[in-house]
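Notes follow once the structure below has been shown.
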Amino acid sequence: MKIAILVEGKTEIAFKPHLIKFLQARLQGMMPKLDFHPFDGRIPTNDKLKRVVENHLNGQNPANHVIALTDVYTGTKEFKNATDAKDKMRQWVGAEPRFHPQVALHDFEAWLLPFWATILKLAQHNKKAPSGEPESVNHHKPPAHRIKEVFEIGKCRSSYVKTRDANRILNDNDLSISVNQCPELKAFINTIIGICGGNIIP
């Protein structure tokens, strides 16, 4: 089984080994090959997304399924919310059952917010965690901006570097904590598990 996963950038690539480790414990004997394809800033839209998906499904080394993982916060007002993002990606690609639109709400870093204690340790600061559920942090100041801010006011003397620091945060933590606090992360992971015939996380 090969699953192509379209992602927005290098941060999600840093997430890949942690995702694989999490899935291996739940898909013993059924683990797929996860083929990540990063784009520069955001995944394609409209007809270009359709062409990219079709190329992955019908190319020389075809994938069995394609997942597109987009941020809801894209720096534009393209998507109103998670449902709108998924609906639009589905409309752009059309009736292809092997295509699965998924989102990070509002960006990938929301899935790091449950590990605020680690973020503070790395940033060397004691700033209070954002209030509310991780995926409720909104368009006006998305999670990536909040993590960047605490790094820049902390004593670590370094700004938040997405690939480096996302990996450092995830290395020290159990991904299941974030899965249980972030419904869109759970939906993304359950999509992979479901494709492979595993037991869905309730």
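Here the structure is a predicted model, which means the values were calculated and not measured.
- Across every non-hydrogen atom of Pro143 and Ala110, the tightest pair is CB-N, 3.4 Å.
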With side-chain contact (heavy atoms from CB on, under 4.5 Å) as the criterion, how do Leu105 and Phe79 come out once you've worked through the C-alpha distance, each side chain's angles and the decisive distance to 0.1 Å?
CA-CA 11 Å; Leu105 183 64; Phe79 305 129; over 6 Å; no

Quick one, Glu96 with Arg90, criterion salt bridge (Lys or Arg N to Asp or Glu O under 4.0 Å). Give me CA distance, side-chain angles, the key distance, then yes/no.
CA-CA 8 Å; Glu96 171 52 75; Arg90 173 61 66 196; over 6 Å; no

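- Side chain of Ser136 to backbone of Gly132: no donor-acceptor contact under 3.5 angstrom is found.
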Between Gln24 and Gln28, is a side-chain contact (heavy atoms from CB on, under 4.5 Å) present by the stated rule, with each step listed?
CA-CA 6 Å; Gln24 282 174 334; Gln28 294 183 11; over 6 Å; no

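- Here the side chains of Met89 and Ile43 are in contact, with some heavy-atom distance below 4.5 Å.
- Atoms CG and CG, on Asp35 and Asn61 in that order, are 8.0 Å from each other to the nearest 0.5 Å.
- By the 6.0 Å contact criterion, NZ on Lys2 is enclosed, its count of non-hydrogen atoms from other residues, nucleotides or ligands being greater than 12.
- Atom NE2 of His37 is separated from atom CD1 of Ile67 by 12.0 Å, given to the nearest 0.5 angstrom.
- Without hydrogens or angle criteria, Asp107 side chain to Ala144 main chain gives a donor-acceptor distance under 3.5 Å.
- Judged by distance alone, with hydrogens and angles left aside, the side-chain atoms of Lys50 form no donor-acceptor pair with the main-chain N or O of Gln91 at under 3.5 Å.
- The two residues Phe39 and Val52 come nearest to each other via the heavy atoms CZ-CG1, 4.0 Å.
- Two residues are said to be in side-chain contact when any heavy atoms from C-beta on lie closer than 4.5 Å; Val93 and Val66 fail this criterion.
- Remark: the backbone N or O of Arg51 is not paired with any side-chain donor or acceptor of Glu54 at under 3.5 angstrom.
- The shortest side-chain heavy-atom distance between Ile193 and Asn199 does not fall under the 4.5 Å cut-off.
- Put simply, CG on Asp165 and OG on Ser159 are 8.5 Å apart, with the number rounded to the nearest 0.5 Å.
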Steps toward side-chain contact (heavy atoms from CB on, under 4.5 Å) verdict (Ile201, Phe22)
CA-CA 12 Å; Ile201 301 168; Phe22 182 86; 3.8 Å; yes

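- Contact annotation: the side chain of His18 approaches that of Asn171 to within less than 4.5 Å [non-hydrogen atoms, C-beta and beyond].
- Connection of Val161 to Phe151 is not established within any shared hydrophobic cluster, with ILVMFWY side chains joined at heavy-atom distances below 4.5 Å, either directly or through further cluster members.
- Annotation: the span from Leu34 atom CG to Ile3 atom CD1 amounts to 6.0 Å, rounded to 0.5 Å.
- Panel note: side chain Ser178, backbone Trp111; a donor-acceptor pair is recorded below 3.5 Å.
- Between His65 and His100, the ring-plane angle classifies as tilted under the 30° and 60° cut-offs.
- Closest heavy-atom contact between Pro134 and Leu113: O-CD1, 3.8 Å.
- Other residues, nucleotides and ligands contribute over 12 non-hydrogen atoms within 6.0 Å of the NZ atom of Lys162.
- The backbone N or O of Thr163 sits nowhere less than 3.5 Å from a side-chain atom of Asn167 that would complete a donor-acceptor pair.
- Rounding to the nearest 0.5 Å gives a distance of 10.5 Å between CG of Asp87 and NZ of Lys80.
- Smallest separation of non-hydrogen atoms from Met30 and Gly198: CE-CA, 3.9 Å.
- The two residues Leu27 and Cys196 have their closest heavy-atom pair at CD2-CB, 4.0 Å.
- No side-chain heavy atom of Pro62 sits under 4.5 Å from any side-chain heavy atom of His56.
- With a 4.5 Å cut-off on side-chain heavy atoms, Ile192 and Ile5 count as touching.
- Using a distance-only test at 3.5 Å, with no hydrogens or angles considered, a donor-acceptor pair links the side chain of Asn81 to the main chain of Thr83.
- Residue pairs meeting the salt bridge (Lys or Arg N to Asp or Glu O under 4.0 Å) criterion with at least one partner in residues 176-196, sequence neighbours excluded, are Lys86-Glu184.
- When Glu109, Glu149, Arg146 are each tested for a side chain to side chain donor-acceptor pair (under 3.5 Å) with Tyr160, only one passes: Glu109.
- Looking at Val150 and Leu120, their side chains come closer than 4.5 Å, going by heavy atoms from C-beta outward.
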Evaluate the criterion side-chain contact (heavy atoms from CB on, under 4.5 Å) for residue pair Met1 and Met31; output intermediate values, then yes/no.
CA-CA 8 Å; Met1 175 75 73; Met31 186 67 193; over 6 Å; no

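- Remark: side-chain polar atoms of Trp92 are not paired, donor with acceptor, to backbone N or O of Pro44 under 3.5 angstrom.
- With Arg42 as the partner, the salt bridge (Lys or Arg N to Asp or Glu O under 4.0 Å) test is satisfied by one option alone out of Glu8, Glu78, Glu12: Glu78.
- Closest of all the heavy-atom pairs between Val103 and Ala82 is CG2-CB, 3.6 Å.
- Side-chain atoms of Thr118 and Arg168 form no donor-acceptor pair, as typed in the model, at a separation below 3.5 Å.
- Contact annotation: the side chain of Leu69 never approaches that of Leu6 to less than 4.5 Å [non-hydrogen atoms, C-beta and beyond].
- Put simply, Trp116 and Ile177 are part of the same group of oily side chains (I, L, V, M, F, W, Y) that touch within less than 4.5 Å, one to the next.
- Considering NE2 of His125 and CD1 of Ile119, their distance stands at 13.5 Å, rounded to 0.5 Å.
- Both Ile200 and Phe188 are assigned to one and the same hydrophobic cluster, defined by single-linkage of ILVMFWY side chains at heavy-atom distances under 4.5 Å.
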